[in-house]
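The figures that follow rest on heavy atoms only: side chains count, while hydrogens, waters and symmetry mates do not. Labels below follow one simple rule: chain letters A, B, ... track the order of the sequence lines, proteins then strands, and each chain is numbered from 1.
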2 protein chains.
Amino acid sequence: MPATSPYTERNMEKEITIYDLAKILALSPATVSRALNDHPAINVKTKALIAEKAAELGYRSNTFASHLRTRKTNTLGVIVPRLNSNFMSTVLAGMEEVANNFGYNLLISQSLESESKEQANAKTMFNSRVDGLLVSVAYDTESIDHFAAFISRNIPVLFFDRVMEHPQCGSVVIDNEQAGYDAARHLLDEGCRRIMHVTGDLRRNVYADRMDGFKRALSEAGIEADSASILSTDLSQDAGKSIADHIDQMPAKPDGLFIANDLCAVTCMQALQEKSYTIPGDIAIVGFNNDPVSQVITPQLTTIFYPGYQMGKTAIMAILAQLNGTKPLIQDPIILRSALIIRRSSKRLGDS
Amino acid sequence: MPATSPYTERNMEKEITIYDLAKILALSPATVSRALNDHPAINVKTKALIAEKAAELGYRSNTFASHLRTRKTNTLGVIVPRLNSNFMSTVLAGMEEVANNFGYNLLISQSLESESKEQANAKTMFNSRVDGLLVSVAYDTESIDHFAAFISRNIPVLFFDRVMEHPQCGSVVIDNEQAGYDAARHLLDEGCRRIMHVTGDLRRNVYADRMDGFKRALSEAGIEADSASILSTDLSQDAGKSIADHIDQMPAKPDGLFIANDLCAVTCMQALQEKSYTIPGDIAIVGFNNDPVSQVITPQLTTIFYPGYQMGKTAIMAILAQLNGTKPLIQDPIILRSALIIRRSSKRLGDS
DNA sequence: TATTGTATTGTAACCGATTGCATTAAATTC
DNA sequence: GAATTTAATGCAATCGGTTACAATACAATA
């Protein structure tokens, strides 16, 4: 009976190195290294010989040794609040596609909406020596000190969607203020006068800006957005139900509702319908993100189209441009187009 | 005028190493290394001293040097068909959480449902020297030769959801056959007799198994599942519409519909409703995955609960167990519980 | 023939962390 | 006080590729 159980043995096949190849072919490791990197000084026949032997023996370059020497990783770090939202997974899909095309890998982690987790993630990314970092910050992130290490070493940090202000960091966003304005303006145009806005944590630009746009539209219409008409929540599905309860108990109920997240909006809408409110008759509703659920709910939800895939692609291209030195470190935010999609949940006036 | 533009300079700050720390503190690199790794042999005071200095100087471990030496990357590769589906992003969220807790990173890439892309991804993962590989195969994957390199080097390869048979590879799945049976059986119990099944590519276990279960239920009920009652599609949203058109033109229309994907089912349902079919009156429908949309559609969609988050967590734990040698390489598939969730879209009989 | 040039390959010093095997100092036991 | 532990630290080789700087061989030129 063997001393160790069979399944504890691993890596039976020895990993072969350029030294092995060199010895077998009676050449120097340097020549092998150069040949494998297609260095012009090496004889074509020698290259062919080495390539053949390498393939035969299943040689693979040890990227650690290589990176240790060259100080490049070809890896980009991505920190997002959550992986499992339609929006974020769409962004990531876009990122992965472009990164892959340019020979970069993606190291992805989620902060689960917690600043401390985000800090830990950043540290890991830093130690993993990512060539660049893409971040959408957590709900409760206050400081960006945990990115200082990157910045001081000139490792590009790019924020997307939920961004932080920093002179050295680029960002990719949509015009949230305008989107908020469009949403509110649309509700006003549909005849709503007591419009309520359900938003997220106002420390986050995306929510603060949407609210600003919301207020601007109301103020233009001569309506004051008092504090009672703005509700800050975590925009979860549970929050959606609570909002419905809340509205149900309001003496002067809103006739329009702008909720900064589709999933939350949809849940709220269902809860309201259960309480026999009609949508859009009693209350017109506008969501945000153009999540698949917005087209599935009855009535279909008016929302803001958010170009997630494009945002992912754009973010990667922007950070690669920085890495290649073709773009300055200091740059203006990249603003992508979003658009109001009008569906039935907000149409209070005739269609024609 | 400087020779290079200012923004092309990078990494101005010198990276400090354990040698720098050792020199500054008049210690040996070995002590510094041990201290940073919290080695028990090092004096607590010395550790504190080193930790402090390291923090002060912004030291970061060079993972390449470390990995080069230890031959471990602490990175797991994940190849999925698509990132942007509710199911997959939920799985990934679960994976990330566990991996992160155990100090592992995730290198994630998507095959976009193409075998050739999957092969390329596998190659990258191989060269990145991931410690293990988690795969859910693409729609059209025929062979698993591209994983042979891993297997022959005893790098664990674990399949999840869409799995391939291989004696050396573990897998994490649900009992798709049973789920398919449950779905069909439920429709039968609700009085359906002409039941149609819309499935995906039958080379994939998930679809083949669900179909087998479907057939078993029908055959038990004495109904023959003829080829006309089974439709193989790509389960996209477009497919959902086509299915509705197809049904609309069938002479003998089905009274029950089991679609192996919620998003597709929902789209189909909407298209059918537009054509004035009532759900579940004319046609009862069952989907698969318990996607958020299933609770949003009217009537709410009966579906199969798929434990995505748990699957992600389980898969990581299983592969880590292999890496730690606590589990044999050859093992039975891990089967997670799925469950039929009955909602309105399939209730043709009274509730009581 | 001596010199210079060209093509090709080799030598050896890195890159930075890890770790088996000492070594030294201090504490404990006899 | 001598002998033995115990605690803490150091030495030096190692991981595998890269690359500046030779070195060698042979052809071309003076």
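At most 12 non-hydrogen atoms from other residues, nucleotides or ligands lie less than 6.0 angstrom from CD of B:E165.
Taken over five-pair windows at either terminus, the axes of the helix from C:dT1-D:dA30 to C:dC30-D:dG1 are inclined to one another by 50° (rounded to 10 degrees).
The side-chain contact (heavy atoms from CB on, under 4.5 Å) test applied to A:T63 returns A:H67, not counting sequence neighbours.
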**OP:** Determine, stepwise, if the pair A:E142 / A:R203 fulfils salt bridge (charged side-chain N to carboxylate O under 4.0 Å, His left out).
**Re:** CA-CA 8 Å; A:E142 298 270 11; A:R203 286 172 296 188; 2.6 Å; yes
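Look at B:R71 and you'll find a side-chain N or O under 4.0 angstrom from OP1 or OP2 of D:dG16.
Taking a 4.0 Å limit (strictly below) on heavy-atom distances, residues 22-33 of chain B reaches DNA chain C at B:A30, B:S33. Within residues 61-70 of chain A, the residues having any heavy atom closer than 4.0 Å to DNA chain C are, in order of number, A:L68, A:R69.
Figure legend: cation-pi geometry between A:R60 and B:F126, with NZ or CZ positioned under 6.0 Å from the six-membered ring centre and within 45° of its axis.
Residue pairs meeting the salt bridge (charged side-chain N to carboxylate O under 4.0 Å, His left out) criterion with at least one partner in residues 22-50 of chain B, sequence neighbours excluded, are B:D38-B:K47.
Scanning DNA chain C 5' to 3' for nucleotides with an atom closer than 4.0 angstrom to a non-hydrogen atom of chain B gives a first and last hit of C:dG16 to C:dC21.
Heavy atoms only, all atoms of each residue included: B:E115 and B:D140 are closest at N-OD1, 2.8 Å.
Put simply, the side chain of B:D131 does not reach to within 4.5 Å of the side chain of B:I319, judged on heavy atoms.
Each of B:V91, B:D161, B:T314 was scored for a side-chain contact (heavy atoms from CB on, under 4.5 Å) with B:V172, with one residue passing: B:T314.
At distances below 3.5 Å, at least one donor-acceptor pair connects side-chain atoms of A:T75 with backbone N or O atoms of A:T73.
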